[in-house]
Amino acid sequence: MVATLKELTNPDDALGYYEADDYYVGDAKAPSAWHGRGAAKLGLRGEVEPDTFADMLHGRLPEGTVLGTVRHGERQHRPGWDLTCSAPKSVSVAALVAGDRRLLDAHDRAVRVALDYAERHAAVTRIRHGKTVERVATNSFAIATFPHFTARETEEVPDPQVHTHCVILNATCDDDGTWRSAETQPLYALQMAVGAVYHQQLAAEAQRLGYTVTITGENGLFQIDAITPEVHEAFSNRSRQIEAALDSRGQSRASATAAEKAVVALDTRAPKEAVDHRQLTAAWRERAHALGFTEDVRRTLVAQAEARAAEASPGTRARMRVADQAVAWATAHIGERHAVFAAAALEREAGDHAFGKAFPSDIVAAIARAERIQDIVIRAAPGMARGVVGFTTRDAIATEERMLGLERAGRGTLDPLADHFDAATIVARAEAASAKMGHAWKDGQRAATKALLVSTNSVAGVQGSAGTAKTTTVLRVYAEAAKARGHTVRALAPTATAAEELARAIGAEPMTVALMLTTGPTTTPCGPPKPEIWMVDEASMSGARDTEALLAQAQNQRARVVLVGDVKQLGSVAAGRAFGQLQDAGMETHKLAEIVRQSNPDTRRAVEHLLAGDAETAFVALDDGGGEVIQHADDDVRRARLARDFARLSRQERARTLVLDPTREGRQALTDAIRAELVRDGTLGTRAMTVLVLESLGLTEAQRARAASYRPGTVLTFRQGGEDGAPRRNTGYRVEAVDAEAGTVRLLDPEDKPFLWFPGDGSGAQADAFAEVEKELRTGDRIQFTRNNYAAKRLNGRTAEVLAIDVKEGLVVVGMKGGKRQTLDMTNVADRHIRPAWVSTIHAAQGATCDRVMVHLKSFRRNVDANLAYVAVSRAKKHASIYTDDRKRLVAVIEGRDGAQVGAIDEMLVKTGAAALTVPEPVVIGGFAIDA
């Protein structure tokens, strides 16, 4: 179990719950206790006194401050939050049944470490300055802790369960000494990380006490090896009760959200009753004895652990080495996708890597050492409150500086394609041809094309809002003029489908940016090489590392580069905001702002207002005829409404409609709802076929090189290999077993022959990892390919329709664009890179155009922001429908978050609705002072 977090709503109920419970274990009292810098500032130490606790739940602080907001003459105040840290079942059994009370002290220490982590990174308040509100880190909580030792459930004898309820009072002290209410969101954002840190500390404590442990899941879940599965299962009645309740709702622990699991836990919880712990312990041991976990076995288990603890415990230097390696690994892992990242994320990831071999305090010290030698550099944590510490890396800084230097060095170094007279002539002819077809050029298109033709810079940018017809005007005319003057024009993009679309529009050779960096440009078989122009579409989706490498390669070949994109749309999955940084640094950039995509003026008005950050007016434009905003609080009802609306469209209308959701989980839930409607109306066939498709695990380079990143059942393929005993290229291998200590992964080839693989030897960089996921297919289904297969002429992102299925042979016949058919063999790893295509993530849909958009946006999703909403709605030409839980809250979220990415060399965060963030000096992390 990870840490759970629940908001307290009734102070009196909360007080009663924490007052009457099991504070006694045998003859030893386990008292409540105050914790946190906020508690210390209020002079609260030692055991929690009920009256003081009651006052603070009501917002009345010991020093006289009364917190809350007065509405309609009545003061309102949220009491706080219950953060519960629960020990793994095997720890509870070893402590309470086997009697190793050292583990209870270890649990207490782990709880305190987790609370310190929460206080450092999640203690935030809001300070109003006139009409603006600033989020500020305070690093102070007042927390009342209540240790408990049983799990509530319906049986007469509850299970042993060591856990501590940590009541984080809704009170925090800012730098000026003013007490204020705390903000909720950072706590919920770090809930899983707090649980992970708790388990990191507890696992290290257990090993220090002489136990060996095994990781059993994500977020630091582990078990003590000495507790057998039979004993573990016998004391897990409460867990089985929750799982049964989830199953009755069609859910599981894996599929249910944290909120859904919390609801089930509350619904199935029995009333609190007084317990006699002596009788409980006797009952537990009687149950254990029947399983062979006798008194002798229990005594021996504890004695052996105590002996091992006395024999060997990792010294400080050994833990320092482990912590330093863990921080280096975590920095590489996080830094691959984030140029700047929060210290909280670095601590958590490094702790997971060092799991059990170093304490969280060792990790914090290692971070301080890495900062001192400038491997990492302090920055403001992106998108977070003022004062929340973040980092960038030395490598990220160097990459961005090289990238900007390459662009700067290429200014004025090449001859123009045309002089000013020729450029004007070329544009005039193109404009006249467009006018005959009913398309009038805009001033921005005209000016950008002329400027590119006369440019002497090796790198230039075209910044165009969504739907400004960049490709069909500026890029097409520029490409035609370049080819007429003897240049080879290449169409590049981060994805194969985007490169193909650009290539088709401008008559050029398509290539992904990754393929260009891997193989370089194709060359003509004879004759002198032609000068080249590389047009890169969706440039905002290329990270700093790829952009720097591309500019370096272009410089070596004297090629021109034209970067095309929109900084207001979604950015790169990889670290950096290259396109925006290059513009900020003075790259020649031509801007197109007049939107022409939308044929419906109300839809266009909605897009323009979203672009300007005015979601409220944008939604009014949708109401006026540009679409609609549909609100319903219930997720299932909302999805059912969207699915019904989609199913009511004609087949032709569906083909010109995009259904969007920001997340993979949301995409799947919507897909299920839509397919149910399509089965009901006969669009999908009555005969179903269940197939095992491959979903990418999306591992970073750091993860791919680490054996512990893989799990039994994972399917691996290799982009290179087959030499010197290496795995064969494009062959599916299944992970059979993992030895994290030895750094090895045992693989089975398609013939079930074993192969011992060392991912850390460099071959991990060539590996792609996939999970096998069951999907149902029927005739009429729409599927999408999820991996490029150039030999089969299948591109990642392209769609097809299921025409026939052969359940017995595992074959699927699909119809593709242009009327072509292909047969997919579901036993062939190359054919299993597919997924249902009824719903797309918004990120994957960037660059697409359709008549109608139906987008599902939950207002409380952390990834919902202005950029996301703008990209979603701007895909539509005629009609955009937004389905949300809370229209008013969604407006506030969109207007309060702009989704801007952060670069390593940016001096401060791009404005995110709050004041620019700065880092206080010095910064104190876990007792270590770091000079900013």
Under 4.5 Å between any side-chain heavy atoms of [X] and [Y], yes or no?
{"X": "H879", "Y": "V853", "result": "no"}
{"X": "L670", "Y": "W838", "result": "no"}
{"X": "R337", "Y": "T700", "result": "yes"}
{"X": "L649", "Y": "R654", "result": "yes"}
{"X": "R798", "Y": "T497", "result": "yes"}
{"X": "T512", "Y": "L492", "result": "no"}
{"X": "R832", "Y": "V691", "result": "no"}
{"X": "D851", "Y": "T657", "result": "no"}

Are the side chain of [X] and the backbone of [Y] linked by a donor-acceptor contact shorter than 3.5 Å?
{"X": "R667", "Y": "P662", "value": "no"}
{"X": "R875", "Y": "A848", "value": "yes"}
{"X": "T468", "Y": "A466", "value": "no"}
{"X": "R604", "Y": "Q598", "value": "yes"}
{"X": "E772", "Y": "V693", "value": "no"}
{"X": "K483", "Y": "G507", "value": "yes"}
{"X": "R476", "Y": "A505", "value": "no"}
{"X": "S650", "Y": "E653", "value": "yes"}
{"X": "E532", "Y": "R560", "value": "no"}

Would you check if there is a donor-acceptor pair between the side chains of [Y] and [X] at a distance under 3.5 Å?
{"X": "Q583", "Y": "K591", "value": "no"}
{"X": "R778", "Y": "T686", "value": "no"}
{"X": "S859", "Y": "D886", "value": "no"}
{"X": "D661", "Y": "T663", "value": "yes"}
{"X": "D566", "Y": "Y870", "value": "yes"}
{"X": "W441", "Y": "S434", "value": "yes"}
{"X": "Q784", "Y": "R835", "value": "yes"}

Yes or no on salt bridge (Lys or Arg N to Asp or Glu O under 4.0 Å) for E776 and R675, after CA distance, side-chain angles and deciding distance? CA-CA 10 Å; E776 181 188 87; R675 291 186 74 256; 3.1 Å; yes
Atom pair [atom1]/[atom2] of [X] and [Y] - distance to nearest 0.5 Å:
{"X": "S572", "Y": "M541", "atom1": "OG", "atom2": "CE", "answer": "7.5 Å"}
{"X": "S465", "Y": "I595", "atom1": "OG", "atom2": "CD1", "answer": "5.5 Å"}
{"X": "T717", "Y": "L694", "atom1": "OG1", "atom2": "CG", "answer": "8.0 Å"}
{"X": "I805", "Y": "D781", "atom1": "CD1", "atom2": "CG", "answer": "9.0 Å"}
{"X": "F860", "Y": "R889", "atom1": "CZ", "atom2": "CZ", "answer": "7.5 Å"}
{"X": "L642", "Y": "H856", "atom1": "CG", "atom2": "NE2", "answer": "7.5 Å"}

Is the distance between the ring centroids of H632 and Y883 under 6.0 Å? no
Over all atoms of both residues, closest heavy-atom pair of [X] and [Y]:
{"X": "R794", "Y": "L824", "result": "NH1-CD2, 3.4 Å"}
{"X": "S540", "Y": "Q846", "result": "OG-NE2, 3.9 Å"}
{"X": "V807", "Y": "A688", "result": "CG2-O, 4.0 Å"}
{"X": "D614", "Y": "E895", "result": "OD1-OE2, 3.6 Å"}
{"X": "V864", "Y": "K858", "result": "CG2-O, 3.5 Å"}
{"X": "L890", "Y": "F619", "result": "CD2-CZ, 3.8 Å"}

Show, in sequence, the C-alpha distance, side-chain angles and deciding distance for V459 and L551, and conclude whether the side chain to side chain contact (heavy atoms under 4.5 Å, CB included) test is met. CA-CA 8 Å; V459 183; L551 296 187; 3.9 Å; yes
Counting neighbours of [atom1] on [X] that are heavy atoms of other residues, nucleotides or ligands and sit closer than 6.0 Å, is the number greater than 12?
{"X": "R821", "atom1": "CZ", "answer": "no"}
{"X": "K470", "atom1": "NZ", "answer": "yes"}
{"X": "E616", "atom1": "CD", "answer": "no"}
{"X": "R504", "atom1": "CZ", "answer": "yes"}

How far apart are the C-alpha atoms of D768 and R787, what are their side-chain angles, what is the distance that settles it, and do they pass the salt bridge (Lys or Arg N to Asp or Glu O under 4.0 Å) test? CA-CA 11 Å; D768 293 305; R787 190 174 176 84; 2.9 Å; yes
I'd like to know whether L475 forms a side chain to side chain contact (heavy atoms under 4.5 Å, CB included) with L502, so could you lay out the CA-CA distance, the side-chain angles of the two residues, the decisive distance to 0.1 Å, and finally the verdict. CA-CA 9 Å; L475 304 187; L502 176 62; 3.9 Å; yes
Quick one: do Q445 and K450 satisfy side chain to side chain donor-acceptor pair (under 3.5 Å)? Show the steps, please. CA-CA 9 Å; Q445 297 164 343; K450 289 179 182 178; over 6 Å; no
Among L795, D831, I834, which one satisfies side-chain contact (heavy atoms from CB on, under 4.5 Å) with F785? I834
Partner residues of E588 under the side-chain hydrogen bond (donor to acceptor under 3.5 Å, both in side chains) criterion, sequence neighbours left out: S455, N457, H590
Under the rule for side-chain hydrogen bond (donor to acceptor under 3.5 Å, both in side chains), what residues qualify as partners of T603, not counting sequence neighbours? N600
Please determine whether salt bridge (Lys or Arg N to Asp or Glu O under 4.0 Å) holds for the pair D672 and R639, giving the CA-CA distance in whole Å, both sets of side-chain angles, and the decisive distance to 0.1 Å. CA-CA 9 Å; D672 292 343; R639 291 192 186 102; over 6 Å; no
Using the salt bridge (Lys or Arg N to Asp or Glu O under 4.0 Å) rule, take E695 and K775 through it: C-alpha gap first, then chi angles, then the decisive distance, then the call. CA-CA 11 Å; E695 287 191 355; K775 298 292 182 185; 3.7 Å; yes
I would like to know whether R446 and E431 meet side chain to side chain contact (heavy atoms under 4.5 Å, CB included); could you show each step before the answer? CA-CA 8 Å; R446 194 178 297 115; E431 190 173 358; 2.7 Å; yes
Please determine whether a side-chain nitrogen of the Lys or Arg among [X] and [Y] lies less than 4.0 Å from a carboxylate oxygen of the Asp or Glu.
{"X": "R644", "Y": "E677", "answer": "no"}
{"X": "D634", "Y": "R638", "answer": "no"}
{"X": "R577", "Y": "D584", "answer": "yes"}

